[in-house]
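Notes follow once the structure below has been shown.
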Amino acid sequence: MMEKHYDAKAAEAKWYQVWETSGCFHDEPGKGEPYSVVIPPPNVTGILHMGHALNQTIQDILVRWRRMQGRNTLWLPGTDHAGIATQNVVEKALKKEGKRRQDLGREAFVERVWEWKRQYGGTIVHQQRMLGNSTDWSRERFTFDEGCSRAVAKVFTQLYDEGLIYKGNYIVNWCPRCGTALANDEVEHEANHGHLWYVRYPVVGSEKGAAGEPYKDYIMVATTRPETLPGDTAVAVNPKDERYAHLVGKNVMLPLTGREIPVISDDYVEREFGTGIVKITPAHDPNDFLVGKRHNLAEINIMTDDGRMNELAGEKYCGMDRFKCREALVADLEAQGYLDHIEDYDNQVGHCYRCHEVVESRLSKQWFVRMKPLAEPAIAAVRSGEVRFVPERWSKIYFNWMENIQDWCISRQLWWGHRIPAYTLRVNAGIGEEGRGNGEELVFVAETAEQALEKAKKATGNAALTLADLDQDPDVLDTWFSSWLWPFSTLGWPEKTADLDYYYPTTDLVTAQDIIFFWVARMMMAGIHFMGKPPFKNIVIHGIVRAADGSKMSKSKGNSLDPLELIDAYSADALRFSIALITSLDCDSKVSKEKFEIGRNFCTKIWNAARFMEMNGFGAKDCASGPDGQTAFGQSLTSDERHILWATDLACRKVNEILESYRIQDGALAVYDFFWTQICDWYVEYAKDAPDKARAFTILRDVFWKALRLLHPYMPFITEEVAHQLGYLKEGESIMRAEFPTGYTDAEKAAWGLSQETYDFVNAKREAITALRALRAEYKVPPATFVKATVATDDPKAAAEADSLKRAMRAESVEFVPAGSDLAMPSKMTAFGTVYLSLEGLVDKAAESKRIAGELAKLAGFIKSSEAKLANENFVAHAPEAVVAEARRKLAENRDKVAQLEKLAKLFA
RNA sequence: GGGCGAUUAGCUCAGUUGGUUAGAGCAUUACCUUCACACGGUAGGGGUCACUGGUCCGAGUCCAGUAUCGCCCACCA
């Protein structure tokens, strides 16, 4: 006996456990057509947010659907070791103990992070289970596990050997808090209300001025970052700027330092901005760095790794925080008369995407990947259509980035991550100066330290070298350097495994737009370069979940919804269905808590419809009667029965077609409408009082089973529960492995007399029913009152519908009269015929008269425009025949309606 | 500055290649606790499809321009 209320929590916990332990998520490589998807691995430190819920719901819908279609399916789960994020989390924990990572030392710290991972790293993986993800947990991977690490080392070595990895002095984005370089993409620019400081740089040799103006002859430089002044090694003007042409080649004095720096000219300078003169600080600004390279300027690094000034900034400022220094330095400039004035100025300032600290540009030695050669084949793969973006427009964004690709800075000054497999020979390793070339470092890159040692021995000819003579590069690799290998490293690469052979390339990749560059593009490059084939066939890009006001959800703003809370309040199925229903691939979705009531209400509807079936004799004991395709309905079906069978067939075809093109939302709508409108609103109402109740329910049973399976990808738990409650499945079976319905066969349709005509006929009949209900409502006939209805139609099939009309209309009688009959009663025209309601005179005449007048006015407008349209020869000639015919029909119908209303108007006058 | 997108009912959004009187959910109005479901049922109300032009027999749909709003990339020190 089904409970009155569906206990989602119990059902969801139970079924997930059953699915996972019985291997429902697992397929073996081999038979059948593979369908494989790798999950975008969430950060191991992460907790499930709405973005995950959306992303994974879409994937699970696709995966469950394909699995039910009989595809050999793999959805591979896993997590990302998330270098900076994870290191930060553990460092924070250490801080509570009053320790820094340096206090532990590298090895102990890394062990500590592993310890943390073992303890808390399962959080998100557990939460994903709550969503109902049908991921194959037996294949769960971690970007820092042994296999993935081997893949990383191999990739680094290979790229290095191919000349695609190099180490270079470069100005990089530096997070002083995290103490590491950041890729350009990892810097978030935010509006900043700052200032523009105008500073005087005296021209060397000019005379001293009056008090407050130390030099008469000076040039004015505008800067947003006065604290970098001690690092200036030039000032620059535009070569075409006549105002300053005479100064080029001269020297100016750098305030506060007494140092002389040259005035140079460079195209980079905008004449219109500020004063048209820029101070050049090559070690602390990317543009200045390039200028410095062009003019061979010195690079003076005036800051420490943690964002304080160093001794090169001057004794006074050394050790000062960079922002404190800014204040102090500005004060000194002012005191000594160098500061001219200050303007308010809004610009963009970069922040670390992990910790939000203001990013510093800093000169350092870093490892880079040359991207151009990798990008070219990845561009070609999308151009040729071998790999497809869904929606297609994202390919433009992809091309735009790929065609302007920059080298990728892959080294990070962290401890948590894949350590760079580059080994430097120690200076005191007993290799003479001549053996080291020109005093340069000897670096050996190899997958393991032992292999590096072999290389070192070979290169130096010194067989006595040991591992102790090699220093491994202290840096680790950017987290994305392991994620870009995800589609094949997780399948076993570099080993040749059966999984790799069978499931690669994966079929679909589902992700949000924000990591197209970070991740998708790089996976394309790695897949093609190392596997010879792009890593997936379709790249499905979906929107971002936003708060109700359209802003980004974030914990700090407090406007985020927690999927786990929603699951708790409404159930996972409700969350999934609602998310599917409000998700368009094309744009971002705004969500608020109320939206999830849709899914919750739908669950309730499904549950109650199932209860209704159980009450009518379909319960757990009823396993014997076969599901679809096996019932011999014969030719005697009623029109309503034929209608629901046809509607079911339509729904099955539609859902398959829709999912084929990734229109998750349309599929949700289609299945929602099919279940609610077609089955519940109409067919169940019919079945309650059908002429052959047993047969009507046999059909319902079949239709319901198809509906459950159509729903399953969207709502896995309740469909499984109901399927078992109603006896569609036996113990040990799962709807997950049931066949996804494709509709009825042509033979079945023929045997049951289904056709578009019979379907349309019932739709017309429903129109008539609705029309009469509307008349009842308009004339305020109490629901309990039985009325007399008349239908004017010549359709010979109509008479057979008298009984069903009577019930649906709550009529004591339904009379049929020939079409065109002229009755003085309120009526509505429908495709079925004109429906009349006998009123027996209990109506407010004045009110009716007014209403009729209004309706007539409305119709007159339509008739006028409709007549004009049909009078237009071009319309008749060009428009499709059906459209013209329909227009004619509508016109005739509305003319009749007018005639009817006019008659009624007299009646009520 | 460059690129991409959006603008349809009070709100959130659908609207396939131009072709019936533009749809759904929520909200709202009226009526209904009828034996699956009030997280429900029935019937309504509510839109000159941002604006201006253009192409066409016909434009929410195609083209151009304008306005407003988003996002991404690159940034002016």
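Here is the naming used below: chain letters follow the sequence lines, and residue numbers restart at 1 for every chain.
- The side chain of A/R600 contributes no N or O atom lying less than 4.0 Å from OP1 or OP2 of B/C39.
- At a threshold of 4.5 Å between non-hydrogen side-chain atoms, the residues A/L700 and A/F697 count as touching.
- In this structure, A/N616 reaches neither bases nor backbone, as no heavy-atom distance under 4.0 Å exists between it and the strands shown.
- For the P atoms, the distance linking B/G25 with B/G41 amounts to 10 Å, nearest Å.
- The A/W676 side chain lies nearest to B/G40 when the options are B/U12, B/G40, B/A36.
- Taking every side-chain heavy atom of A/V269 into account, B/A77 is the closest of B/C37, B/U12, B/A77.
- Side chain of A/K605, nearest nucleotide from B/C72, B/C37, B/U42: B/C37.
- When each of A/N608 and A/R810 is assigned the nucleotide of RNA chain B with its nearest heavy atom, A/R810 is the one assigned upstream, toward the 5' end.
- With distances taken from any side-chain atom of A/Q513 to the nucleotides B/C37, B/C71, B/G44, the minimum falls on B/C71.
- Side chain of A/A609, nearest nucleotide from B/A14, B/C32, B/A36: B/A36.
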Identify all pairs in which a protein N or O lies below 3.5 Å from an N or O of nucleotides 57-59 of chain B, and state each distance.
unit_1, atom_1, unit_2, atom_2, d
B/C57, O4', A/N874, ND2, 3.1
B/C57, O2', A/N872, ND2, 2.5

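- Listed nucleotides: B/G19, B/C13, B/C32. Nearest to the side chain of A/Q665: B/C13.
- Using a 4.0 Å cut-off between charged side-chain N and carboxylate O, A/K654 and A/E657 make no salt bridge.
- As judged by a 4.0 angstrom heavy-atom cut-off over every strand, A/P880 is placed among the base-contacting residues.
- Distance, A/R776 CZ to B/G41 P: 19 Å, rounded to whole Å.
- The aromatic rings of A/Y686 and A/Y683 sit tilted relative to each other, their planes meeting at an angle between 30° and 60°.
- The residue A/C680 sits close to a base: some heavy atom pair falls under 4.0 Å.
- Regarding A/W394, its CH2 atom lies at a distance of 9 Å from the P atom of B/G5, rounded to whole Å.
- Ring pair A/W676/A/F602 is parallel by interplanar angle, where below 30° counts as parallel and above 60° as perpendicular.
- Computed from coordinates, the A/K780 NZ to B/U42 P distance equals 19 Å when rounded to whole Å.
- As judged by a 4.0 angstrom heavy-atom cut-off over every strand, A/S866 is placed among residues making no nucleic acid contact.
- Across the protein-nucleic acid pair, A/I664 atom CD1 and B/A14 atom P stand 15 Å apart, rounded to whole Å.
- Side-chain atoms of A/E886 lie closest to B/U20 of the nucleotides B/U20, B/G19, B/A36.
- A close approach under 4.0 Å does occur between a side-chain nitrogen or oxygen of A/N601 and OP1 or OP2 of B/G40.
- Ring to ring, A/W394 and A/F389 are not that close: their centroids are 6.0 angstrom or more apart.
- Put simply, OH on A/Y683 is 16 Å from C1' on B/A36, counting in whole angstrom units.
- Side chain to side chain, A/T281 and A/K279 meet the donor-acceptor criterion of an N or O pair below 3.5 Å.
- As rounded to whole Å, 16 Å separates atom C1' of B/G40 from atom CD1 of A/I598.
- When heavy atoms are screened at a 4.0 angstrom cut-off, A/A774 is found touching the sugar-phosphate backbone but no base atom.
- Distance from the side chain of A/D666 is smallest for B/A14 among the nucleotides B/C37, B/A14, B/G41.
- As a whole-Å value, the separation of A/F612 CZ from B/U34 C1' is 13 Å.
- Closest approach of A/V781 and A/T785 over heavy atoms only: CG1-CB, 3.8 Å.
- Atoms CD1 and CG, on A/I280 and A/D288 in that order, are 4.0 Å from each other to the nearest 0.5 Å.
- Using a 4.5 Å heavy-atom cutoff, the side chains of A/M50 and A/L566 are in contact.
- The side chain of A/A777 sits closest to B/A43 out of B/C37, B/A77, B/A43.
- Considering only side-chain atoms of A/R611, the nucleotide from B/C37, B/A43, B/C39 that sits closest is B/C37.
- A/L775 has its CG atom 11 Å from the C1' atom of B/A43, to the nearest Å.
- For the pair A/T770 and B/A43, the criterion of a side-chain N or O lying under 4.0 Å from OP1 or OP2 is met.
- Taking the C1' atom of each, B/C51 and B/A43 are spaced 37 Å apart, rounded to whole Å.
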